[in-house]
Amino acid sequence: METNLTINGTQQHLNLDPRTTLLDALRHHLGLTGSKKGCDHGQCGACTVMVNGRRINACLTLACMHDGDEVTTIEGLGQPGNLSPLQEAFVSEDGFQCGYCTPGQICSATAMLEEISNGWPSHVTDDLDGKAKLTAEEISERMSGNLCRCSAYPNIVEAIRKAAGENA
């Protein structure tokens with residue numbers, strides 16, 4: 001099945017089996033291996049990418065379902081020597097240990113900060129009319145779909161707060 005995607009700003013024309021997940025298309029057909037296959041059931045978030053600015057689990061969606069969509073992976077957020085503010089914060093705050101979940105964490109956090117900027121409340125947001133405060137509870141709720149088996153959560157929270165310009 002012919003599928004046309006814009007991946008990290010570049011048009012990609014793929015001829016894929018219609019059962020190919022977006023994750024497998026990225027990793028095996030385009031060589032973008034930053035997004036990881038953790039559980040392959042949408043439970044760990046290692047495969048998180050952004051489609052049209054919204055975060056999704058790439059293992060749970062078929063590539064053909066996103067024909068014409070814009071996909072951003074970790075490779076599209078920054079490169080060595082030109083890291084995004086969130087990537088820089090993950091490095092400076094040691095927001096990773098083994099690093100396996102880090103691409104999904106960073107993609108999810110990037111979209112999460114945009115959600116907050118757009119005024120989207122979460123289940124734990126106190127003030128539904130104002131901007132959510134980046135408390136540990138707020139970040140934990142919003143990032144609950146991304147697991148870190150090394151338990152670097154406190155550092156991930158601090159990296160997100162730092163990238164957003166928040167103080168501890």
Side-chain angles (χ1 to χ4, degrees), residues 6-10 22-23 26-27 30-61 70-168:
T6 302
I7 312 282
N8 301 325
T10 302
L22 179 58
L23 178 62
L26 293 169
R27 291 183 59 78
L30 296 172
L32 297 171
T33 57
S35 303
K36 304 298 188 226
K37 185 175 279 198
C39 66
D40 214 21
H41 295 288
Q43 297 173 344
C44 73
C47 66
T48 305
V49 298
M50 294 177 289
V51 175
N52 299 328
R54 298 192 65 184
R55 53 189 165 157
I56 66 164
N57 292 331
C59 73
L60 292 181
T61 189
E70 189 170 315
V71 179
T72 304
T73 68
I74 190 69
E75 292 91 347
L77 294 178
Q79 295 290 322
N82 186 27
L83 299 177
S84 75
L86 203 46
Q87 289 171 317
E88 287 178 356
F90 263 70
V91 171
S92 71
E93 298 301 313
D94 197 22
F96 57 92
Q97 288 181 18
C98 80
Y100 196 80
C101 72
T102 305
Q105 295 274 357
I106 291 173
C107 283
S108 188
T110 299
M112 178 202 70
L113 291 174
E114 185 64 25
E115 293 165 8
I116 289 172
S117 149
N118 290 334
W120 296 6
S122 79
H123 178 70
V124 299
T125 304
D126 287 332
D127 181 4
L128 299 181
D129 294 321
K131 183 179 174 187
K133 292 180 176 65
L134 284 178
T135 63
E137 182 182 31
E138 186 74 39
I139 292 171
S140 295
E141 171 66 20
R142 290 175 184 264
M143 293 292 292
S144 63
N146 292 83
L147 302 179
C148 173
R149 289 170 179 87
C150 299
S151 296
Y153 295 118
N155 300 21
I156 291 169
V157 168
E158 287 311 309
I160 293 168
R161 295 183 77 205
K162 181 176 185 175
E166 299 278 326
N167 294 324

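In this text, all values refer to a predicted model and were calculated from it rather than measured experimentally.
- Residues Leu134 and Arg142 fail the side-chain proximity criterion, which asks for heavy atoms closer than 4.5 Å.
- Annotation: side chain of Asn155 is not in contact with side chain of Gln97 (no heavy-atom distance under 4.5 Å).
- Counting all heavy atoms, side chain and backbone alike, Leu86 lies closest to Ile160 at CD1-CA, 4.0 Å.
- Expressed to the nearest 0.5 Å, how far CG of Leu23 lies from OG1 of Thr48 amounts to 10.0 Å.
- Partners of Thr6 under the side chain to side chain contact (heavy atoms under 4.5 Å, CB included) rule, at least two apart in sequence or in another chain, are Gln11, Glu70.
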**Request:** Output, in order, the C-alpha distance, side-chain angles, deciding distance and verdict of side chain to side chain contact (heavy atoms under 4.5 Å, CB included) for Ile7 and Glu75.
**Result:** CA-CA 10 Å; Ile7 312 282; Glu75 292 91 347; over 6 Å; no

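- Smallest separation of non-hydrogen atoms from Arg27 and Thr33: NH1-O, 2.8 Å.
- Annotation: side chain to side chain contact (heavy atoms under 4.5 Å, CB included) contacts of Thr135 (sequence neighbours excluded): Lys133, Glu137, Glu138.
- Pairing each heavy atom of Ile74 with each of Gly34, the nearest pair is CG2-CA, 3.6 Å.
- For Asp126, the CG atom is loosely surrounded, since the number of other residues' heavy atoms within 6.0 Å does not exceed 12.
- Between Lys36 and Cys44, every side-chain heavy-atom pair lies at or beyond the 4.5 Å cut-off.
- Across every non-hydrogen atom of Cys148 and Ile156, the tightest pair is CB-CD1, 4.2 Å.
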For residues 107-114, which side-chain N or O atoms pair as donor and acceptor with protein atoms under 3.5 Å away, sequence neighbours left out?
from	atom 1	to	atom 2	distance (Å)
Ser108	OG	Arg55	NH1	2.7
Ser108	OG	Asn146	OD1	2.9
Thr110	OG1	Ile106	O	2.7

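- Distance check: Ile139 CD1 to Ile116 CD1 gives 7.0 Å after rounding to the nearest 0.5 Å.
- Closest heavy-atom contact between Val49 and Ser35: CG1-OG, 3.3 Å.
- Ser84 contributes a side-chain N or O that, together with a main-chain N or O of Gln87, makes up a donor-acceptor pair within less than 3.5 Å.
- Two residues are said to be in side-chain contact when any heavy atoms from C-beta on lie closer than 4.5 Å; Asn8 and Thr72 meet this criterion.
- For the residue pair Cys59 and Cys47, the shortest heavy atom distance occurs at N-SG, 3.4 Å.
- With a 4.5 Å cut-off on side-chain heavy atoms, Gln105 and Phe96 do not count as touching.
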